[in-house]
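By convention in this document, chain letters (A, B, ...) are assigned in the order of the sequence lines, proteins followed by strands, and residues within each chain are numbered from 1. Worth saying up front: this structure is predicted, and the values here are computed from it rather than measured.
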Amino acid sequence: MPDLLLELFSEEIPARMQARAAADLKKLVTDGLVEAGLTYAAAESFATPRRLTLAVHDLLGESPTTVEERKGPRTDAPEKAIEGFLRSTGLSRDALEVRDDKKGQVFFATIRRPGRPAAEIIAETVTNTIRTFPWPKSMRWGAGSLRWVRPLHSILCILSDEAGAELVPFEVDGIESGTTTQGHRFMGHGTISVTGFEDYAAKLKAAHVILDPQERADRIWEDARQMAFAQGLDLVEDRGLLAEVAGLVEWPVVLMGDIADTFLDLPPEVLQTSMKEHQKFFSVRNPKTGRIEKFVTVANRETADQGATILAGNGKVLSARLADAKFFWDNDLRRVAEGGLDAMATPLAQVTFHNKLGSQADRIARIEALSGDLAGPVGAEAGQAQQAARIVKADLSSEMVYEFPELQGVMGGYYARAAGLPDAVADACTGHYQPLGASDSVPEGPVSVAVALADKLDILTGFWSIDEKPTGSKDPFALRRAALGVIRIIEAGDLRLPLRPVIVAQLLRHEIAQAGGGADADTAALNAMLDDLVKKGLFGAAFDAIADRLAEHGGADRSLDAIADDLLSFIHDRLTVHLRDQGIRHDVIAACLAMPGSDDLTLLMARARSLSAFLGTDDGENLLQGFKRANNILTAEEKKDGIEYSLDPDVKFAEEPTEKSLFAALDRAEPAIATAMGAEDFAAAMQHMAELRAPIDAFFEAVQVNSDNQIVRRNRLCLLNRIRQVMGQVADFTRLEG
Amino acid sequence: MTATDTSRPPRSFQEIILRLQSYWARQGCAVLQPYDMEVGAGTFHPATTLRALGATPWAAAYVQPSRRPTDGRYGENPNRLQHYYQYQVIIKPSPPDLQALYLGSLDAIGIDMEMHDIRFVEDDWESPTLGAWGLGWEVWCDGMEVSQFTYFQQVGGHDCRPVSGELTYGLERLAMYVLGVDHVMDMPFNDPDAPIPLRYGDVFRQTEQEFSAWNFDRADTDTLLRHFEDAEAECARILAEPARDPQTGRDIIMAHPAYDQCIKASHLFNLLDARGVISVTERQAYIGRVRALAKQCADAFVQTEAGRQA
C-alpha cells in the first residue's frame, strides 16, 4: 500500500503557530481522506520554520466502491417530487426500481459509487485543506488571493511504494505540486528531489534541516545542558522558551556566552526576563552564587569560526539591553532611596485605572481601607496590612515595570526591601497578585492574604458598582479569576470571613467615590464614618444611614443589597465550578447555598463536603429517599388541603410502634443535631441524621400516613414536617437530585 | 563619488546608504528622495502609505528622516535618537523572491551570510494612526533586529490588492553593527580618511540636544494643540471641497494635500505626547482622530488616477 508525503513550503512560519499547524494539517488531511474512503495505518506531521510536513503510511491505493440504496417517493407522487429524487440520486427514471411498500408502490434507487484512485482524492483533499486552513492569522501576497500564514512557495506531494514514487498532480492558485523541496536557507545546496518519507527526512538532514521539532528541542536542550554542566553551571529550565526557539531554527547550533560583570548584580528575574523576552536566550545559573552568569543562544547555522562572530554579536546586543535594564534599576533604586515607595506610588494618581473607577491611586486608597477591615479576620496586624496596601502597586510607576510589565510585584518586592520595609510587607508585593490562575499558588502570610483579598474584592465590587460584569467570553478585567482567587485564598486559609458585610462596605466606598469624586470634605467625612463603622462591626442600619446620606448627594440610587446579592451569586457560581472540579455535585452545592450564612465560604464548603460525603454512604442515600418520600407526601397534602402542617406533632396520637420509635428517634436526634450545628460540626450532624434512617424507613414500611382518622392523619403529617425541619437545619434536601 | 567597491566592508554611515541606494536601484526601484515633512517613520511617506493602495504596480526606495520626539536623549544614549534615518523599500505587487532580494541587500552592505545568523522572527506590523496593518517579521542578525519586513494587508481601512512588500531598515542601528561602533555619535558619517572626516556626533549631537530640550520641555503646548486642530480641520475641509477645479474645469481630488495635513497632525500629536500633556485615556482619542484623517485620505486617494482599483 502506498505512503503519502506532503510538504507545504513557505516563508517563515511564526514559531508559536507551528505545533498547532502541524496537528491541524494531519487532522484535516487524514479526516478528508477517510471521509472519501481512503483509510490508512498511521500518520505523522512535522513543522520547521519553513515547512509543514505530513506523512501518511499504508494508504489504500483507491477508495472502495460503495453501493447505497435509497427509498424515494411513491410511484403516484407528484412529478416534481420524483424529479427531485432523480436529481438527488443522479439516476435516470429507468434505473429506478419499483417495490411494494405498506402504502403502495415506491421508487427505490441503488446508487453505485465506483472507487477513485488515491491520487485524485489526495489532490482534492489537500487543495481544500490549503484553501481553508485555520491559521490564527493569515495573509495574501503579491497579486494572488490565496491566504496562508506567510507566502506559500511550493508543494511537494508524492505517493510512493516499492515500485517507486509518483507525483500527485494538482495546482493551487498557480502553485503546482512537485517532487522537490529546499534544504536549509543558508546551508542547503539547491533543490532536493524526493522519493519517499525516509528519503525526504534523510536528505533534509544532509541539507541541514532537522524535520522533527522534538528532535530539535532535544538537541538544543542536551547541548545547552552539557555546555553549562562542563563549566559547573545549571541551565535554567524554560519549556515554553525551548519550544519557541526550536521553532525558530532548522539547524540548531547552541552557543554559550558571558554576561558582563557590571550586570551580574541585577535581580535574576530582570536578567532572565530581559534575555528571554528580547533575545530568546536561556539563562545559566551558577549554583554556588545563585546568580545568572551566562546566557545560551541558539543560532540557525554553523560557521567557519564556530559561531564566534554570531556569539559576539549576540553578546553586544545583550549588553545594550542590559545597560537599559541597569539604567532603569539604578534610577528606580535612587527614587526609592530619596522618597521611599510612597514617593514611587505618587504618580499613580495620574494613571487612570478605569474612567468610572478613578485612578490607580484611588483604587489603592480603597484597597488600603479594605485591607484594614480584613486584617483582623485573616490574622494580620491592621497597620501593617494597610502599609502594605499603600505600596504593593508602587512599582507600576517604576521604569523597570514600565519596560517589563511581567515583573510587576517582583520589582516591588526588591524596592520594598531596599526601602527597609518589613519582609511581610515586601512579600505582599508579589503575594497580593496571587493566585494568578487555577494552577498558581495562593499567597502566604497574613499581610499578603489581607491585601490579596482586598485587591480582588475591590475590583469585583468596583465593576459591580458600575454594572460592568463579565458576559460570555468577555471578561477583560479577569473578574472570574478574581472571584476564584477569593475562593481559593479563603479555602486555603480556612478563613472565617462572611463576605456580605465586606462587599457592602466596599460597595459603599465605591458609591462615595463616585458621588463625591473623592475630593470634598463631606466625602472624607463619609469615608471616615464608614471606616469607623466597619471597625466596630455595626452593620445594617448604620450602613443604610450612610447610603441615605449619599442618596441626598445624588448617588447610591440603586439598592446596595441587590448589587451585593448579585456579586455573591457570581462568587457562588465560581465556587460551584471550583467544587465540581473536586467532585462535589452541583445539586449538593445548591442544597448548601440555600442555607443561611452562605456568604461564609469556609462554612459553605465544609457543609458541602460533609453533605457530599454523607450522600456517598448507604445511610445518606437511603435517608435522602426517606426525606423525599416524607416531603412529597407532605407537599402534596399541604397543597390539597391548602394549609401548612407545621404544628408540633404529639406522640400521644401515635398509634403504631414504628411511629412511636420515630418520635423517640427525632427527640434524640434533634438536640444532638442542633448542638453539632451550633458547633459547626457538620460531620457530627450528618452522623446524628444517619441515625434517623432506620426509624424513617421502618415508619414508611408500617404506617399509612393518610389515616381515616383525621387527628391521626394530621399528627402524622406534622411528624413528617418535623423530619423536614430537623433535616432542614443541615441543608435544603429538597434541592438534591436522585 | 565613484561607485562603491562592494568587495571590501563599508567604512562609513553614508557608504552604507549609498550601497543600499545602488542595490535597490539595480533591482529596479525608483530611488526617491525623502518626503519634505516631519514624519515618525518611512511608512508615512505618501510613496508608501498612499501608493500601497490601488492596483497600479509600484517600486520605490528612499531614505526617510524620521522623528520620534519621546526617544530624544540629548545625544547621550548610545542607541536612541529623536531624529534618525530609515531606509524604506516598497514593491507592489510583492515579488515572490522578496526575501532573497532583501538578503542580497544585506550582502551588499557587507554582512556575510556565511558568518552571521540571519533569522525571520514573527512581528506583525500595525499602525493605529494609519489604520494599517500587515504580517511579516523583524529580521535578526546575530540577535539584533536590523529590519522590519511586512506584507501590507490594509492601509487606511482599505484592503491592499495587490499586496505590497515593505522593507524598513533602521539605518543607524544597522550601520553601527556593520561598522562595529558602540555609540551612535562615534560612527563615521563620511569616509574616515576624507580631508574633513565627520562623525555622526559632529553632525547631530547638537541638534539632538536642542530638539530634546524643545520636545520635552520648551515646546509651547497651546500652540501645538492649536496647530493640531488646524491641521485636522484643514484636512477635513480639503476633502469636503467639490472635486471640480474652478481654474482648469477638471476634477481634481486633493488626496495628497489632505494627506500632508494628516502627517502634520500625526507629528503634532507625537510632540504633544513628548511634552507629557496627553493622558492615557486621551491618547487613544488622539490616535483615533489621526486615524480618521488617514482613512479619509485613503478614501480620497483610491478615487484618483494613481490609486485606482483593478
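Between Asp142(B) and Lys316(A), no side-chain nitrogen of the basic residue sits less than 4.0 Å from a carboxylate oxygen of the acidic one, so the salt-bridge criterion is not met.
No more than 12 heavy atoms of other residues, nucleotides or ligands shown are found within 6.0 angstrom of CG on Asp261(A). No more than 12 heavy-atom neighbours from other residues, nucleotides or ligands sit within 6.0 angstrom of CZ on Arg20(A).
Neither the backbone nor the side chain of Asp112(B) comes within less than 4.5 Å of any heavy atom in chain A. Heavy-atom distances place no part of Val253(A) under 4.5 Å from chain B, backbone and side chain included. Within the 4.5 angstrom heavy-atom criterion, no atom of Thr297(A) approaches chain B. For Ser319(A), no part lies under 4.5 angstrom from a heavy atom of chain B. Proximity to chain B (any heavy atom under 4.5 Å) is restricted, for Met17(A), to the side chain, taken from C-beta onward. For Ile118(B), the parts sitting under 4.5 Å from any heavy atom of chain A are the backbone and the side chain alike. With a threshold of 4.5 angstrom between heavy atoms, Phe152(B) does not approach chain A through any atom at all.
Most heavy-atom pairs under 4.5 Å with chain A, from the set Met144(B), Arg119(B), Met113(B): that is Arg119(B). For the set Gly165(B), Cys160(B), Ser164(B), the entry with the most heavy-atom pairs within less than 4.5 Å of chain A is Cys160(B). No other option in Arg185(A), His278(A), Lys280(A), Gln279(A) has as many heavy-atom pairs under 4.5 Å with chain B as Arg185(A). Annotation: maximal heavy-atom pairing with chain B below 4.5 Å, among Arg140(A), Arg301(A), Met139(A), Glu302(A), occurs at Arg140(A). Counting heavy-atom pairs closer than 4.5 Å to chain A, the top-ranked of the candidates Leu98(B), Asn77(B), Asp124(B), Asp123(B) is Asp124(B).
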> side chain to side chain contact (heavy atoms under 4.5 Å, CB included) between Glu114(B) and Asp305(A): does it pass, once the steps are laid out?
Replying inline: CA-CA 10 Å; Glu114(B) 292 299 309; Asp305(A) 65 353; over 6 Å; no
> Glu11(A) and Phe120(B): side chain to side chain contact (heavy atoms under 4.5 Å, CB included), yes or no, with the steps?
Replying inline: CA-CA 9 Å; Glu11(A) 296 177 14; Phe120(B) 292 85; over 6 Å; no
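Annotation: the span from Ile13(A) atom CD1 to Glu122(B) atom CD amounts to 11.5 Å, rounded to 0.5 Å. Going from atom CH2 of Trp140(B) over to atom CG of Asn314(A) covers 8.5 Å, rounded to the nearest 0.5 Å. Separating the CG atom in Asp117(B) from the CG atom in Leu248(A) is a distance of 10.0 Å, to the nearest 0.5 Å. Taken from CG in Leu135(B) to NZ in Lys137(A), the straight-line distance is 6.0 Å, to the nearest 0.5 Å. We find the NE2-OG1 distance between His116(B) and Thr309(A) to be 6.0 Å, quoted to the nearest 0.5 Å.
Minimum heavy-atom separation, Asp324(A) to Arg80(B): OD2-NH2, 4.2 Å. For the residue pair Val317(A) and Gly143(B), the shortest heavy atom distance occurs at CG1-O, 3.7 Å. Residues Pro93(B) and Gly142(A) share a closest heavy-atom pair of CB-C, 3.6 Å.
Side-chain contact check for Glu12(A) versus Val139(B): every heavy-atom pair is 4.5 Å or farther apart.
Distance alone, capped at 3.5 Å, places no donor-acceptor pair between the Ser94(B) side chain and the Trp141(A) backbone.
Under the rule for a side chain to side chain contact (heavy atoms under 4.5 Å, CB included), the partners of Arg205(B) that lie at least two apart in sequence or sit in another chain are Met185(B), Gln209(B). Here Arg147(A) pairs with nothing under the salt bridge (Lys or Arg N to Asp or Glu O under 4.0 Å) rule; sequence neighbours left out.
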